[in-house]
Amino acid sequence: MVKKPVRSIVAAIASAAARWRDPRFPACERARDAISARTTYSPPHVEYALDSLFATLRNDAIEAIIADELGCLDVLDGFTNRPGRGRVRALPIGRVCIISSRTTIGVAILPAIFALSAKCSVCIKDREDGLAAAFFATVAEELGELSDCFRAQAWDGKKDAVKLAGFDAVVAFGGDSALAEIANQLPFQARLIAYGSKASAGYVTREALGDETLVLAMAHRAARDLVLYESEGCLSLHALFVERSGVISPARFGELLATAVAEAAAEFPIGSRSARQLARLAEARDLATFRAAHEQRAYAGKAAEFLVVVDPPLEEPPLFLPRAIAVHSVDRPDEAAAYLHRHRITLEALAVERHRPDVLEMATQTGAVRIARFGTLQNPPLAGFHGARPRIAEFVRWIVDET
């Protein structure tokens, strides 16, 4: 792989992604069914996830990110003159293991394509649906030699953790305790590229609450951020803050949002839910309904298929349940920041309709990596810094020729 031109590797990845964008591609059809069975998401969720993922993997987009982070593509193929750096080369860091998360569909594929572009040897802890293995089998068809540099396999975290000692870098998605356990298994010289637990929130300024038609459209976009993938994952809308003193009140916004969430089921039907999820949703609905008699507003489906609560106690954390969200009335962004800090919530993304300097400041205070429009949280750009990390820079080591 070190001798293979990086442009050939990127071209193979982009060509494979183009094949996967065809819904009739046999491997894609099999993967959709397997992912639905594993995640219990309804088919439209899975189709949306795969379309969003593979649409970003274009040749020009991948090359642009590599050039931006490393200075140019040529440093991956040989020594290259860089202004202010002299003659430098970016070599692969070595063997890379990628441990995917349980929820986000295809999350391991993105670091894998950049590790391969850096000419590393890659092993993925694949999920039961085998998505990563199936996609990179298509890449291997395009590239030929790739089969020796990539493998995907099922992984038993407890039994196979000791095997991490053989890798030069480990990419891991998961909770803080799981990441700490992985870190303890690695030798000190191995690089841990960790993506821990985060959430996303929305903030609606009073300036965006002047016209009910426009506000309803915004509510529909916020509903999409909430219902996609049943509110699982760091890019789901988990908390929503609406400013007072707008033409549309926070209470009215909550009502419009509930209508939009109910209607979103037509585009993204509800998948299967566990008995535990159903019980927790019913409990949250019953508590919200009881409180509704004491000035708190709540909107829920009869079978607790969704739940929108307006102004629950600030002492309570976000619901973190499928299609369930609390709407908090605030006067200023620092009140939203205080709530997130109180519950130790670090943001991955903040959704806005309009923003002001104080909203941008709140985003930086809460650790947000993205500030995005409502309706786009679940469709991040390839060039973004997911988890506040670069895409390829962590998969290389540098050498400088000073002679």
Side-chain angles (χ1 to χ4, degrees), residues 1-17 20 57 59 62-63 65-66 69-70 73-79 88-101 106-127 130-157 159-174 179 182-183 185-195 386-387 389-399:
M1 282 288 285
V2 173
K3 296 181 180 180
K4 190 74 175 177
V6 62
R7 288 173 177 81
S8 297
I9 300 171
V10 172
I13 292 168
S15 180
W20 275 72
L57 301 184
N59 197 312
I62 299 171
E63 288 190 356
I65 292 169
I66 296 173
E69 293 188 11
L70 304 185
L73 271 71
D74 294 334
V75 294
L76 289 167
D77 293 334
F79 283 95
V88 300
R89 184 175 182 181
L91 293 169
I93 193 173
R95 299 183 65 220
V96 176
C97 178
I98 301 173
I99 304 173
S100 29
S101 69
V107 69
I109 287 177
L110 294 183
I113 67 149
F114 285 104
L116 284 171
S117 297
K119 306 184 183 183
C120 296
S121 173
V122 180
C123 173
I124 290 185
K125 173 198 169 181
D126 210 359
R127 307 309 304 187
L131 172 60
F135 174 67
F136 282 101
T138 309
V139 178
E141 292 175 7
E142 297 289 334
L143 193 57
E145 305 93 319
L146 186 64
S147 57
D148 294 333
C149 302
F150 170 84
R151 61 190 173 95
Q153 62 186 52
W155 190 282
D156 186 316
K159 293 181 179 179
D160 296 338
V162 293
K163 298 179 182 178
L164 294 176
F167 291 95
D168 301 291
V170 174
V171 181
F173 300 83
L179 293 176
I182 290 170
Q185 300 292 331
L186 298 180
F188 75 92
Q189 69 270 25
R191 184 175 297 177
L192 175 61
I193 303 168
Y195 295 88
H386 185 69
R389 289 183 175 277
R391 290 295 193 187
I392 193 171
E394 294 184 291
F395 297 120
V396 302
R397 63 179 180 87
W398 291 92
I399 181 171

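All values reported here derive from a predicted model rather than from experimental measurement.
- Atom CD1 of I65 and atom CD1 of I113 lie 7.5 Å apart (nearest 0.5 Å).
- With V96 as the partner, the side chain to side chain contact (heavy atoms under 4.5 Å, CB included) test is satisfied by one option alone out of P111, C120, C123: C120.
- The shortest non-hydrogen separation linking F114 to F395 is C-CD1, 4.1 Å.
- A side-chain donor-acceptor contact under 3.5 Å links R95 to the backbone of G166.
- Residue N59 holds its CG atom at 9.5 Å from CD1 of I13, rounded to the nearest 0.5 Å.
- At least one side-chain heavy atom of F79 sits under 4.5 Å from a side-chain heavy atom of I399.
- For the pair A16 and V139, the tightest heavy-atom approach, listed with the atom from each and the gap, is CB-CG2, 3.6 Å.
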Which is it for E394 and R389 under the salt bridge (Lys or Arg N to Asp or Glu O under 4.0 Å) test, yes or no, and what are the steps along the way? CA-CA 8 Å; E394 294 184 291; R389 289 183 175 277; 2.6 Å; yes
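- With values rounded to the nearest 0.5 angstrom, Q189 atom CD is found 8.0 Å from D168 atom CG.
- Between I93 and F167, every side-chain heavy-atom pair lies at or beyond the 4.5 Å cut-off.
- Here CD1 of I66 is found 4.5 Å from OG of S117. Values are rounded to the nearest 0.5 Å.
- For the atom pair CD (Q185) and CG (L192), the distance works out to 12.0 Å, reported to the nearest 0.5 Å.
- Counting non-hydrogen atoms of neighbouring residues, nucleotides and ligands closer than 6.0 angstrom, the CZ atom of R397 reaches no more than 12 such neighbours.
- I124 has its side chain within reach of F136: a pair of non-hydrogen atoms, C-beta onward, lies under 4.5 Å apart.
- Here the OG atom belonging to S8 is positioned 12.0 Å from the CD atom belonging to E142, to the nearest 0.5 angstrom.
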Trace of the salt bridge (Lys or Arg N to Asp or Glu O under 4.0 Å) decision for D77 with K119: CA-CA 10 Å; D77 293 334; K119 306 184 183 183; 2.6 Å; yes
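- Between the S100 side chain and the D126 main chain, no donor and acceptor come within less than 3.5 Å of each other.
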Run the side chain to side chain contact (heavy atoms under 4.5 Å, CB included) test on L76 and K4 for me, step by step, so that the C-alpha distance in whole Å, both residues' side-chain angles and the decisive distance to 0.1 Å come before the verdict. CA-CA 10 Å; L76 289 167; K4 190 74 175 177; over 6 Å; no
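- Counting heavy atoms from C-beta on, the side chains of Y195 and L179 never come closer than 4.5 Å.
- The backbone N or O of R391 sits less than 3.5 Å from a side-chain atom of E69, completing a donor-acceptor pair.
- L110 approaches L57 most closely through the heavy-atom pair CD2-CD2, 3.7 Å.
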